[in-house]
Amino acid sequence: FEPAVDMRVLFLIALLVRLSSVFVVQTSYVPDETWQCTEVAHKLVFGRGHLTWEWSEGLRSYLHPLLFSLPLLVLKILGMDSAALVILFPRIFQALLCFAGDVLLYRLVVKLYGHSQANYSVIMQISSWYLYYVSPRPLVNNMETLLITATLNLWPTRYNDKVTYPAVILAAISVALRPTLVLFWVFLGIHYLVKCPERRYSSVIKAFVIGVPTLVLLILLDSYMYGKFTFVFYNFLKFNLASSAIYGAHPWHWYVTQGVPAILGTHSVFIAFAFIKQRDYPRQFLGVVIATVLFFSVISHKEFRFVQHLMPIFMIWAGLGLHWMSRHTERSVLYTVIMLNTLLNALVAFYISFFHQRGTISVIHDLSRKVQAGDSVVFLTPCHATPYHSHIHQDGVHLRFLDCSPDLTRSQGYEHEEKQFYQDPSVWWERYSSERTLGVDSTEFVVVFEENLPQIHGVLKESGYGVDRKYFFAHLLVDDKLASHVLLYKKTF
């Protein structure tokens, strides 16, 4: 049984799902969702923002934050740049980009297999707990996932199809945004040249004539923004292949045993059906998926989002598995399976989006409403645990966090500020108190995790700080520097 699904109804549901994520997702995932995008965009538009060490080392392209500076610029021009809208608009913009990815996935599957299969792939995509969880987060990984889907729509997927100029341009832009994507496109390019030897010469010419100038223009853009010649592609790969372990190391098999199974969740069952029951279909793109996972497995530091750009391919496969079920099961069974899968993913998505690691977002939203010019906010948390200027959005407020920039010069005995604080918080606070200057009637807020470092809580109370509010953070903690609750201390001078 193959139920008829109106394409417009499916797209409307997808749009509502993505927009709902803007308001449901109220938790923190990784620092990069603000510190490498909206924080930089906020600095570009409003002149206030902190650039992390990656920007001083030329490891990031300005292309992504420039894109997200557009909604902020609109707010500034219209004089509507309240803190609430400055936080909200980039999230809506990102959710709409994810919706565009849903539409492009549909078009891609129609091109590869047909309308019926496309319906099921989109159903799989909009029911994925992970893709819902990241939908409103302005991560570069969301952008690379969108660019992968868009480029595959233009990529020669059938024998003797031509490589198009737009496909080369989009592939080059994706590599500029995320240099590790070069493996993805090199693999697909070589596969195409092997399958279509008669088009080797023309395809290579197109890659150089269009791809190289596109990359050069992007290098010039970054060099202009950095104020000096900057080759982000080289800088990024050099650091991540050699030094990424400073952010934590994982076993080589992590993506196979934990990373990919976790982000797929119940969708893994449908992918298994696709490979077992529809052997002629889902093997397309299998090689590039294996190559990508193997490549990232070699790199010491691993994260779920590093393989997020493979999700469109996984969703195609999952849709094919569901399509097979639709042809070999009763209507009631099919609907039950779809509803159960959607319900399980919705429960996971809701918990992790609305509760898990919420406190650091809740406190920053409160601060955006409480602080005034002349006030000070000190974040005594693991560095980058909360958003910064991009959420406070108040001129004349002094913000302070514990810096954790790595020592790229390998100086002997180097310890970053966060480590110094956790070794002896009292000494750090005494030094900070002697250096700060606050005006009369100004207020200083201090953000700190509750259970950790009882020493600093005692010091704050002795210094006249009182607890202003307590926020729930998480039931399950992923780091010993975190705690179940976040406290906001306050003192008026």
*Verify, without hydrogens or angle tests, whether K302 (side chain) and H250 (backbone) share a donor-acceptor contact under 3.5 angstrom.*
yes
*pair L44-E39: side-chain heavy atoms closer than 4.5 Å*: no
*What about F304 and Y130, are their ring centers closer than 6.0 Å?*
no
*For the rings on W254 and F306, is their centre-to-centre separation under 6.0 Å?*
no
*Is it true that a side-chain atom of D375 and a backbone atom of V397 form a donor plus acceptor pair closer than 3.5 Å?*
no
*Do H416 and D407 come close enough that some side-chain heavy atom pair is under 4.5 Å?*
no
*Donor-acceptor pair, E33 side chain versus V30 backbone, under 3.5 Å?*
yes
*asked:* Can you confirm whether the side chains of N235 and T230 place a donor and an acceptor under 3.5 Å from each other?
replied: no
*Could you walk me through whether V289 and F314 pass side-chain contact (heavy atoms from CB on, under 4.5 Å), step by step?*
CA-CA 9 Å; V289 169; F314 290 140; 3.9 Å; yes
*asked:* If we check side-chain contact (heavy atoms from CB on, under 4.5 Å) with L488, which of these qualifies: V377, L367, V467, V446?
replied: L367
_Exercise: do E54 and W35 side chains pair donor with acceptor under 3.5 Å_ = no
_Is the terminal nitrogen or CZ of K481 (NZ for Lys, CZ for Arg) located under 6.0 angstrom from the six-membered ring centre of Y422 and within 45° of that ring's axis?_
yes
_Looking only at side-chain N and O atoms, does Y351 offer a donor or acceptor that is under 3.5 Å from a partner on H475?_
yes
Hey, can you pull the donor-acceptor pairs under 3.5 Å for the side chains in residues 176-190, sequence neighbours left out?
from: W185; atom 1: NE1; to: S174; atom 2: OG; distance (Å): 2.9

_If we ignore hydrogens and angles and just use 3.5 Å, is the side chain of R18 paired with the main-chain N or O of A14 as donor and acceptor?_
no
*Could you tell me how the ring of F46 sits relative to the ring of H393: parallel (under 30°), tilted (30 to 60°) or perpendicular (over 60°)?*
perpendicular
*Counting only N and O atoms by type, is there a donor-acceptor contact under 3.5 Å from the side chain of N141 to the main-chain atoms of R305?*
yes
*Do S390 and T34 have a side chain donor and acceptor closer than 3.5 Å?*
no
*asked:* Looking at R91 and I87, would you say the former's side chain and the latter's main chain have a donor-acceptor pair under 3.5 Å?
replied: no
*Answer with yes or no whether the side chains of Q26 and S362 bring together a donor and an acceptor at under 3.5 Å.*
no
_Can you confirm if the aromatic rings of F350 and Y132 lie within a centre distance of less than 6.0 Å?_
no
*asked:* Within the 4.5 Å heavy-atom criterion, are L344 and V348 side-chain neighbours or not?
replied: no
_Could you check whether any side-chain heavy atom of Y226 comes within less than 4.5 Å of a side-chain heavy atom of R60, counting everything from C-beta outward?_
yes
*Please check if the distance between the ring centroids of F472 and H485 is under 6.0 Å.*
yes
_Using 30° and 60° as the class boundaries, would you call the ring planes of F229 and F231 parallel, tilted or perpendicular?_
tilted
*asked:* Ring-plane angle category for F379 and Y388, please: parallel below 30°, perpendicular beyond 60°, tilted otherwise.
replied: tilted
_If you define the side chain from C-beta out and look only at heavy atoms, does anything of L72 sit under 4.5 Å from D81?_
no
*Do the side chain of T149 and the main chain of T145 share a donor and acceptor less than 3.5 angstrom apart?*
yes
*Between the side chain of S128 and the main-chain N/O of Q125, is any donor-acceptor distance below 3.5 Å?*
no
